[in-house]
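Working notes, beginning with the structure itself.
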Amino acid sequence: MEQTLYLVLLLIALCSVSECVQRQYHFINERKTWTKAQRYCRENYTDLATADNMNNMKELNKSVTGGGGPYIWIGLQRTSVNKWQWSSGDPALDLNWRSGQPDGTDECAFMRDGQWEDGGCSTSRTFICSSSNNMSTGLVFVNQTMKWRDAQSYCRQNHTDLVSVRNQNENQQIQKFISNSQISNEVWIGLFRDSWQWSDQRNSSFRYWNAGEPNNAGGNENCTAISTKVLGQWIDDPCDRKYPFVCHEDKLILIKENRTWSEALRYCRQNHVDLVSVHSEEMQRRVMNVVKGASTAEVWLGLRHSSLLGIWYWVSGDTVCYHKWAPGNGTGEEDCERTVRSGAVQSRGDQRWISRPETDKRNFLCSRYE
């Protein structure tokens with residue numbers, strides 16, 4: 001009994017030090033065109049740098065401090081495909097457009113009476129931010145009218161981001177928040193449309209453009225550089241210009257082979273470091289992005305259930321401080337079953353965690369973190 005209590009306390013203690021950086025950035029102080037920089041990064045690391053959020057941008061900017069000149073390539077390039085995306089980087093899955101919308105003429109979205117319309121980004125409206133500090137709703141109404149990009153900047157500086165609406169339930173919650181708060185009936189949300197794509201094909205909609213950018217001056221500015229003169233914000237520029245660049249080294253690897261949980265664990269430990277552990281909302285978002293490429297409906301994580309202790313734990317040795325269980329999963333009912341249970345993340349929909357028999361065969365996610 002004392003040994004069991006000691007193990008539980010040890011796991012809880014480890015929880016506070018279990019955060020890990022999502023990816024590593026490597027600044028290359030050699031001047032190359034965007035295409036040659038892309039080739040260099042793919043040969044030596046993973047790809048030209050991708051940023052999913054402001055935390056990534058802070059790390060990326062740290063990597064270029066003190067050198068490189070005024071402009072530095074990252075991995076964002078213009079394509080011929082325009083698509084709707086969330087400012088926060090959340091996947092745009094369940095879209096709630098009003099009939100006849102979007103009409104294809106505008107690039108930003110607002111909510112009116114619980115439904116969405118596209119509108120000119122330069123129109124000034126009130127807006128809703130998402131906020132991790134608001135424990136009751138996670139929402140903050142800003143009673144100032146701003147253009148869409150100014151509203152985005154305000155939310156990122158003061159809260160988290162412009163609000164994302166990932167499903168019908170969240171849409172109803174936001175509409176209820178609007179009604180209860182008796183606020184403006186038209187509010188900007190974090191949905192926008194553009195034709196930019198990351199070099200590594202990551203479905204990240206995070207953008208950090210400088211004011212007035214992208215402007216496609218001359219009609220051939222199809223690649224993205226960060227400007228060290230304006231706090232690492234971005235400009236579009238012709239791809240044949242020669243700048244230093246930033247590569248990223250990805251630490252999460254999706255294995256599209258169907259294996260049992262134990263087989264997946266063995267594979268990750270032999271070829272990489274371990275099955276992945278998820279310790280924060282930020283890491284969950286990174287996992288969500290990666291597993292969208294899976295060929296199975298669920299993807300194994302390094303999550304295991306102990307019938308002896310009655311707890312879920314990560315195979316890295318950490319207890320489950322952060323969790324994203326789907327309803328009816330992770331409740332402890334596994335204690336009464338003889339089947340050994342392990343944890344997987346859904347590769348579609350809300351992408352929550354589910355409990356599965358460890359003999360099921362699924363794709364799996366390895367980590368390169370030491």
Side-chain angles (χ1 to χ4, degrees), residues 11 14-15 18-23 46 52 90-91 93 200-203 249-370:
L11 289 173
L14 284 168
C15 183
S18 60
E19 278 301 315
C20 55
V21 179
Q22 292 182 31
R23 64 175 66 90
T46 300
D52 293 336
D90 287 317
L93 300 173
D200 63 359
Q201 304 301 304
R202 181 169 285 117
N203 191 28
E249 187 176 9
D250 211 331
K251 296 296 185 179
L252 300 183
I253 307 96
L254 175 65
I255 309 298
K256 295 184 182 180
E257 298 178 16
N258 293 346
R259 302 197 179 199
T260 67
W261 185 89
S262 296
E263 290 169 346
L265 178 68
R266 189 178 309 116
Y267 178 97
C268 289
R269 289 183 168 176
Q270 288 176 350
N271 295 280
H272 301 290
V273 174
D274 215 335
L275 273 170
V276 71
S277 299
V278 184
H279 304 296
S280 65
E281 180 69 28
E282 192 171 320
M283 180 59 84
Q284 170 70 6
R285 287 186 181 180
R286 179 71 191 93
V287 166
M288 289 164 67
N289 251 324
V290 175
V291 301
K292 280 186 286 191
S295 60
T296 53
E298 298 94 21
V299 176
W300 286 130
L301 304 172
L303 193 56
R304 189 73 155 176
H305 184 258
S306 169
S307 297
L308 174 64
L309 299 177
I311 61 170
W312 284 89
Y313 64 95
W314 297 107
V315 291
S316 58
D318 302 325
T319 191
V320 183
C321 309
Y322 167 86
H323 63 83
K324 200 77 171 181
W325 290 111
N329 289 264
T331 60
E333 294 176 2
E334 294 86 353
D335 298 350
C336 302
E337 300 180 7
R338 292 188 177 184
T339 305
V340 179
R341 311 290 290 191
S342 296
V345 61
Q346 297 165 328
S347 58
R348 307 290 184 270
D350 287 346
Q351 296 180 281
R352 294 180 178 271
W353 304 352
I354 60 170
S355 167
R356 303 293 302 173
E358 69 111 33
T359 52
D360 285 2
K361 293 192 174 183
R362 299 286 186 269
N363 290 182
F364 52 99
L365 198 58
C366 296
S367 169
R368 289 177 178 164
Y369 294 111
E370 296 291 348

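Residues take their numbers from the sequence shown, with the count starting at 1. Please read all numbers here as calculations on a predicted model, not as lab measurements. Only this structure's heavy atoms are used, side chains among them; waters, hydrogens and symmetry mates stay out.
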Checklist entry - Checking side-chain hydrogen bond (donor to acceptor under 3.5 Å, both in side chains) for the pair Tyr322/Gln284: CA distance, chi angles, key distance, verdict? => result CA-CA 9 Å; Tyr322 167 86; Gln284 170 70 6; 4.7 Å; no
Checklist entry - Can you check side chain to side chain contact (heavy atoms under 4.5 Å, CB included) on Leu254 and Val299, steps first, answer last? => result CA-CA 9 Å; Leu254 175 65; Val299 176; 4.1 Å; yes
Item to check | CA sep, side-chain torsions, deciding dist, call: Lys324, Glu281, side chain to side chain contact (heavy atoms under 4.5 Å, CB included) | outcome: CA-CA 9 Å; Lys324 200 77 171 181; Glu281 180 69 28; 3.4 Å; yes
Checklist entry - Could you walk me through whether Thr359 and Thr260 pass the side-chain hydrogen bond (donor to acceptor under 3.5 Å, both in side chains) check? => result CA-CA 5 Å; Thr359 52; Thr260 67; over 6 Å; no
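For the atom pair Ile255 CD1 and Asn363 CG, the distance stands at 9.0 Å (nearest 0.5 Å). Here the OG atom belonging to Ser342 is positioned 9.0 Å from the CG atom belonging to Leu275, to the nearest 0.5 angstrom. Ile253 CD1 to His272 NE2: the interatomic distance, rounded to the nearest 0.5 Å, is 4.5 Å. We find the NE2-CG distance between His323 and Leu303 to be 11.0 Å, quoted to the nearest 0.5 Å.
What you find for Leu301 and Trp261 is that their closest heavy atoms are O-NE1, 2.8 Å. When all heavy atoms of His279 and Ser277 are compared, the pair lying nearest together is NE2-CB, 3.2 Å. Taking all atoms of both residues into account, the shortest heavy-atom contact from Ala294 to Arg348 is O-NH2, 2.9 Å. When all heavy atoms are compared, the tightest approach of Gln351 to Val291 is NE2-CG2, 3.5 Å. Listed here is the closest heavy atom pair of Gln346 and Ala326: NE2-CB, 4.4 Å.
Results of the ring pair (Phe, Tyr, Trp, His ring centres under 6.0 Å) test with His305 over Trp325, Trp312, Tyr313, Trp314 single out Trp312 as the only residue that passes.
Applying the salt bridge (charged side-chain N to carboxylate O under 4.0 Å, His left out) test to pairs two or more places apart or on separate chains, those with a residue in residues 270-280 are Arg269-Asp274. The salt bridge (charged side-chain N to carboxylate O under 4.0 Å, His left out) contacts involving residues 292-306 comprise Glu298-Arg362, Arg304-Glu358, where partners must be two or more places apart or lie in separate chains. For residues 269-316, no pair satisfies disulfide (SG to SG under 2.5 Å), with sequence neighbours left out. Within the structure, disulfide (SG to SG under 2.5 Å) pairs that include any residue of residues 266-301 comprise Cys268-Cys366 (at least two apart or interchain).
Judged by distance alone, the side chains of Ser355 and Asn329 never bring a donor and an acceptor atom under 3.5 Å apart.
Between Trp300 and Trp353, the ring centre distance reaches or exceeds 6.0 Å.
Using a cut-off of 4.0 Å between Lys/Arg side-chain N and Asp/Glu carboxylate O, Arg368 and Glu249 are scored as not salt-bridged.
Remark: Asp350 engages Asn167, Arg352 in a side chain to side chain contact (heavy atoms under 4.5 Å, CB included) (not counting sequence neighbours). Checked against salt bridge (charged side-chain N to carboxylate O under 4.0 Å, His left out), Glu257 has the following partners two or more places apart in sequence or in another chain: Arg259.
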